[in-house]
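Take a look at the structure set out below.
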Amino acid sequence: MAEPLTIPGFVNAHSHAFQRALRGRTEGDDFWGWRDAMLAEAEAQTSERVRIDYERVYREMRTSGYTAVGEFHYLGFDEAIAAAEAAEAVGISFVLLYTAYARGGLERFRQASAADYLRDVEALRDRGLAVGLAPHSVRACPPDWLEEIGRYAEEHGLILHVHADEQPREIEECVAEHGVRPIELLARSACLGPRATVVHATHADDHELDLLAEAGARICACPTTEANLGDGFLPVERVCERGIGICIGSDSNVRIDPLEELRELEGIARRRTQRRNVISPDTLLCFGADEGAAALGLDSWLEVQVDRDHPALDGIDDADVFGALVFGCSADVFVR
């Protein structure tokens, strides 16, 4: 038998674990239709349900090669504690991306003020949780909230994650309200910097990508969810040309497979450029592990073992194993 291959565990930098319950359902003819079903599912969540269901989701992540997760959480304070308990039970490193919500969504998502939101963050940190700041989006947080949260992140050295440029309608509404695109608004609201991660950036234009590069911010791509929701394609090759870091997330958890996320990134780049090997296997694996850890502020996380006797790797030379892992394997290749 071949010796197992040990590699850094994959880091899931963006998860909404409760959305796993929507797997296989087909409501909604676009993102906004799907969102209605998602909001109904969110409304039904309780601390008890989060504790049970999230453990199931995190266990699936753990067996699929993820050893750390950033949970983008907007269901409430008590539910955040339940999510952390679920992660601890499974043995997956957990960073709570506690979400600020001023308007829209459901009442349970919202805080009365940015100051109230930050008090919740401090209370969660006092409980020993690793917490990052997460203004949900420019739809949910007006500029004064973004500015206050951005300043707090800088003053306390905290990571900051935010959705942006996922949908054309989101961009149109931002331009109508603020006169600029979402990432431009984040830049002028002190929300971009080396500890910032913009989730999706699917429809970012060149100027917005330049702003991310100048700030040293990252992008978290979630290709399986973006495909499932019909979001569009991240301009992967333009992101890489600018040296912007990319990490991955399972997002809605319609699929939980880091290799599929990475394979899809390269597949998008190949389709857009009509050439092969846009991103090397080593770089893709770095996106899946090191970049995600940096996005979550992690210094260490568990490794995983690759089963070298797996049929998908049968006959593969050691020199080609990383390429075969990314392009020829699924998450069942990891030793459980």
Side-chain angles (χ1 to χ4, degrees), residues 1-15 60-69 92-93 218-228 233-251 253-296 298-336:
M1 295 181 63
E3 287 293 322
L5 172 66
T6 300
I7 62 173
F10 293 92
V11 177
N12 188 349
H14 188 74
S15 166
E60 183 178 355
M61 290 181 192
R62 191 71 180 81
T63 60
S64 298
Y66 287 117
T67 62
V69 61
I92 190 169
S93 296
R218 290 178 175 80
I219 291 172
C220 183
C222 309
T224 59
T225 291
E226 290 152 5
N228 184 58
F233 298 105
L234 176 72
V236 178
E237 76 291 346
R238 290 194 284 127
V239 173
C240 292
E241 286 167 1
R242 289 167 170 80
I244 299 168
I246 299 176
C247 55
I248 58 169
S250 64
D251 196 357
N253 295 294
V254 65
R255 286 281 292 150
I256 298 178
D257 186 335
L259 298 175
E260 186 170 343
E261 305 290 352
L262 297 174
R263 186 161 52 245
E264 185 61 16
L265 281 177
E266 171 65 4
I268 292 168
R270 291 185 183 195
R271 294 182 188 102
R272 290 175 56 90
T273 63
Q274 298 182 45
R275 60 186 176 86
R276 303 183 72 234
N277 305 315
V278 179
I279 311 169
S280 72
D282 285 355
T283 298
L284 288 168
L285 291 171
C286 180
F287 288 172
D290 302 79
E291 287 288 351
L296 295 183
L298 295 174
D299 294 322
S300 62
W301 64 104
L302 293 176
E303 298 175 323
V304 292
Q305 286 190 328
V306 177
D307 179 6
R308 285 292 273 116
D309 290 313
H310 191 280
L313 294 176
D314 186 28
I316 302 299
D317 293 335
D318 289 346
D320 298 323
V321 70
F322 290 141
L325 179 64
V326 173
F327 297 117
C329 295
S330 297
D332 63 354
V333 76
F334 300 114
V335 176
R336 302 184 180 189

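Fair warning: this is a prediction, and the values are worked out from it, not measured in the lab. Throughout, residue positions are numbered sequentially from 1 according to the sequence presented.
In this structure, the side chains of Val304 and Tyr66 stay at 4.5 Å or more apart for every pair of heavy atoms. A 4.5 Å side-chain heavy-atom check between Glu266 and Val326 finds every atom pair outside the cut-off. Under the 4.5 Å side-chain criterion, counting only non-hydrogen atoms from C-beta, Phe334 is in contact with Val306.
Taking each heavy atom of Gly9 and Thr67 in turn, the nearest pair found is CA-OG1, 3.5 Å. Heavy-atom minimum distance, Leu313 versus Ala324: CD2-CB, 3.8 Å. Summarising the geometry of Ala289 relative to Pro8, their closest heavy-atom pair is CB-CB, 4.0 Å, with the distance given to 0.1 Å. The minimum heavy-atom distance between Ile256 and Ser64, with the atom names listed, is O-OG, 3.3 Å. In terms of heavy-atom proximity, Gly288 sits nearest to Leu262 at N-CD2, 3.9 Å. Residues Cys329 and Val333 come closest through the heavy atom pair SG-CG2, 4.0 Å.
One distance of note links CZ of Arg255 with CG of Asn228; it measures 11.5 Å at 0.5 Å rounding. Atom CD1 in Ile219 sits 9.0 Å away from atom SG in Cys240 (nearest 0.5 Å). Glu226 contributes atom CD, which lies 7.0 Å from atom CD1 of Ile268 (distance to the nearest 0.5 angstrom). Cys222 contributes atom SG, which lies 10.0 Å from atom CG of Leu234 (distance to the nearest 0.5 angstrom). From Cys220, atom SG reaches atom CG of Asn12 across 7.5 Å, with rounding to the nearest 0.5 Å.
Using modelled atom types, one side-chain atom of Arg336 and one backbone atom of Thr63 make a donor-acceptor pair closer than 3.5 Å. In terms of modelled atom types and a separation under 3.5 Å, the side chain of Arg270 and the main chain of Arg276 share no donor-acceptor contact.
Among Ile279, Leu259, Leu325, the one residue that satisfies the side chain to side chain contact (heavy atoms under 4.5 Å, CB included) test with Leu284 is Ile279. Test Asp251, Thr225, Ile248, Leu296 against His14 for side chain to side chain contact (heavy atoms under 4.5 Å, CB included) and you get one pass: Asp251.
In this view, Asp318 and Arg308 satisfy the salt bridge (charged side-chain N to carboxylate O under 4.0 Å, His left out) rule, not counting sequence neighbours. Every salt bridge (charged side-chain N to carboxylate O under 4.0 Å, His left out) that Glu264 has, sequence neighbours left out, goes to Arg271.
A donor-acceptor contact closer than 3.5 angstrom is absent between the side chains of Glu261 and Ser250.
Within the structure, ring pair (Phe, Tyr, Trp, His ring centres under 6.0 Å) pairs that include any residue of residues 306-333 do not occur (at least two apart or interchain).
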Run Met61 and Asn253 through side-chain contact (heavy atoms from CB on, under 4.5 Å) and show every step you take. CA-CA 9 Å; Met61 290 181 192; Asn253 295 294; 3.4 Å; yes
